[in-house]
A.B. asks: 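Just passing along the structure, written as structure tokens.
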Amino acid sequence: MNELLAKLPPGLRPREREVENRLLRRIETAVLLAAAVLLAVVAFNDIFWTVQDAGVLVADQQTWRHYTGRDYYNVSAGRLVFNEPIDISCANSSPGRPGARTQICLIMSGPAVGGLRHVIGGWRLAPHTGDFARNRYACFGAAHTTRLCPNG
Amino acid sequence: MSSATASADVETEHGSLERLGSERLAAGLAALLALVLVAGAAEVVLDAAEGFSPMVPAQPAFDSWLAGIGTRLGYDQFLPTLLISFAAYGALAALAHRRPGLLPARWAVAFVAALQLILFAGPVLLATDLFTNVAYAHEAVNGINPYIHGPAALPTFAGYHFVSPDWVRWPSPYGVVFTLVTLPAGLVSLDGGIWILKLEGLIESAAVLWLTWRCARVRGFDPVLAIIVVGANPLYTLYTLGGSHNDLLMMAFMLAGVALLVSSPASAGREAGGAATIVAGALVKATLGVMLPFLIASKRRLAPIIGAVAALATGLAVGYALWGSSAVNIFEGLRREGALVSSYSFASQLSHLLGKPGVYPIDHTLLTIALVLALAYLLWRTWRGYDWIAASGWAMLAIAVTTTWLMPWYTVWPLPLAVITRDRRLLTATLVIQTIWVIHQTSPLYGPVP
């Protein structure tokens, strides 16, 4: 095998030991530093993003509890429309495992005022069903106007 | 005696005293940092024994003898402990690096062993993978093919409810060597199976540390520093060993292969055996296969190729005989996991920076291209004489950074290789990535948690 490799042009031949190349090492180090800075920036940005998002989601959960008068622990909350402050929050209408009872879902928008957001609509879901348009019923408010409830 | 000689003697004595004082101070500081790490691990284990929390998956009370001592492990307990432990680890590693010989070998071994034993004694931490692996073992023992069916195929298994709902329908993504090694866990009760996999994790960790020590010594590095950097790393102890992840088994094979390949005198038998051992590790987790091109490009002999092919053929033949063709497709697990996105991944974080809600298929493609380019560059460097072990470490780090399914224990892969290579940039880069990852984990400390 080594005889075959020896026939390669000098620039392509394998080497037993690398030849020190300070310029290459500097370039590699600069690329690594740039990558580290980029990763640090994305991580710190994500921390701010997550903290901000978490504050809104907690307000969503509080709003659901306040609006429905049910002080349940397992209340889901998430963004309904990306890049717009419109969220959806769902939980059981009576005590039980998450999703095991009829669900009440509320659409919320706007900033949190006093820890609560503005409810602009909502719907119900049958037990053990996912939050898909076909499963939604008893819709009200923005759920109708935004065509989130094709079955009413 | 002249006055000049007397003055020189006084100065020498003064210098010696200063050195002695400084060495004692450094040794005291090292002991304090080690104590912080041991206390941190003990606190996490005792608090985790109090039961379910975001850091402690629901699990049977197999270690109830630890309950009643700590408090429930919430974010407020775990994340500051993680931060402090990681800072103490960094300081201890820096101290050991700056002052070789400061830490006696026995002391270092006892310290690292204590950390491993503390984590072994406690509950399963930070992931449900161990329960999924016990479920796969029970499937295999009960005649259900774990490469076709997920744990949902065995709902009567006592540990079924401890498997994450995300994985109950997923067949095993791991190789045939891992399935064989974990089979004993399927022959006993759930608690017995958990203890078997925890014990296997402990043994694998001990193998990783022993082989790291051995490779460091053979290659002319400080073995004490090497085992402290690997064995005291909080992402290694709390996450990898705490969850008894099969990455430990993969790393044990990886280092056993490296140990054979760096032993002298080099021989065709050792090269074939080393390559075969690395392939055995790739039959635990296919990721390890990334080392082979670097090994082959570096050695440029037939022996490692023959060893790798023979081991692969043997492993796949055994897999085919036991579980059919589904056990032979070793890249299927990688393909499936590669399509997933974890919030831990840098890809996910980058997408948020770019104003996107998450990672799109085009991002997967771009990341794969970036990884392939990085691997091609490393391969070229290896061909031209760069250390193949360092290149393998860089490749593993590149995989961890570009995957959309990053788990904290993936960042541990390059660590044992980084401490046995001359290119110290690999160790620095690995620790920088881990530091960024740890800091990113702390976001629940700065705001409410939904």
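Convention: sequence-line order gives letters A, B, ...; per-chain numbering from 1.
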A.B. asks: I'd like to check B/Ile439 versus A/Phe44 (side-chain heavy atoms, cut-off strictly below 4.5 Å). Are they in contact?
C.D. replies: yes

A.B. asks: Hey, what do you get for CZ (B/Arg381) to CZ (A/Arg15), rounding to the nearest 0.5 Å?
C.D. replies: 10.0 Å

A.B. asks: Measure A/Ala77 against the heavy atoms of chain B and call it side chain, backbone, both or neither at under 4.5 Å.
C.D. replies: neither

A.B. asks: Heavy-atom distance under 4.5 Å to chain B: side chain of A/Thr29, backbone, both or neither?
C.D. replies: both

A.B. asks: What pairs of residues pass the salt bridge (Lys or Arg N to Asp or Glu O under 4.0 Å) test when at least one of them lies in residues 56-68 of chain A, not counting sequence neighbours?
C.D. replies: A/Asp60-A/Arg117

A.B. asks: Which pair of non-hydrogen atoms, one from A/Val51 and one from B/Ser443, has the smallest distance, and what is that distance?
C.D. replies: CG2-O, 3.7 Å

A.B. asks: Looking at A/His66, I want to see if its NE2 is surrounded by more than 12 non-hydrogen atoms of other residues, nucleotides or ligands under 6.0 Å.
C.D. replies: no

A.B. asks: Between A/Leu38, A/Asp53, A/Leu33, A/Leu12, which has the largest tally of heavy atom pairs under 4.5 Å with chain B?
C.D. replies: A/Leu12

A.B. asks: Could you go through the side chain to side chain contact (heavy atoms under 4.5 Å, CB included) check for B/Trp437 and A/Leu39 one step at a time?
C.D. replies: CA-CA 9 Å; B/Trp437 190 90; A/Leu39 294 178; over 6 Å; no

A.B. asks: What are the two closest heavy atoms between B/Val432 and A/Ala36, and how far apart are they?
C.D. replies: CG1-CB, 4.2 Å

A.B. asks: Check each atom of A/Gln61 against the heavy atoms of chain B and say whether the ones under 4.5 Å are side chain, backbone, both or neither.
C.D. replies: side chain

A.B. asks: Quick one: are B/Tyr344 and A/Asp46 in side-chain contact, heavy atoms under 4.5 Å?
C.D. replies: no

A.B. asks: Identify whether the distance between the nearest side-chain nitrogen and carboxylate oxygen of A/Glu18 and B/Arg422 falls below 4.0 Å.
C.D. replies: no

A.B. asks: So do the side chains of A/Arg17 and B/Arg384 get within less than 4.5 Å of each other, counting heavy atoms only?
C.D. replies: no

A.B. asks: What I'd like to find out is whether the side chain of B/His440 reaches to under 4.5 Å of the side chain of A/Val42, using heavy atoms alone.
C.D. replies: no

A.B. asks: Given heavy-atom pairs under 4.5 angstrom as the criterion, report whether the side chain, backbone, both or neither of A/Glu28 touches chain B.
C.D. replies: both

A.B. asks: Let me know if A/Phe48 has heavy atoms under 4.5 Å from chain B in its side chain, its backbone, both or neither.
C.D. replies: neither

A.B. asks: With a 4.5 angstrom heavy-atom cut-off, is it the side chain or the backbone of B/Trp388 that approaches chain A, or both, or neither?
C.D. replies: neither

A.B. asks: Quick one: does B/Trp394's side chain get under 4.5 Å of A/Leu32's, heavy atoms only?
C.D. replies: yes

A.B. asks: Which bit of B/Asp387 is near chain A, if near means a heavy-atom gap under 4.5 Å: side chain, backbone, both or neither?
C.D. replies: neither

A.B. asks: Treating A/Trp49 as the side-chain partner and B/Gln349 as the backbone partner, does any N or O pair qualify as donor plus acceptor under 3.5 Å?
C.D. replies: no

A.B. asks: Given a strict heavy-atom distance threshold of 4.5 Å, which part of B/Leu445 is in contact with chain A: side chain, backbone, both, or neither?
C.D. replies: neither

A.B. asks: With a 4.5 angstrom heavy-atom cut-off, could you sort out which part of A/Leu24 is near chain B: side chain, backbone, both or neither?
C.D. replies: side chain

A.B. asks: Which pair of heavy atoms, one from A/Ala40 and one from B/Ile436, lies closest together, and at what distance?
C.D. replies: N-CD1, 3.8 Å

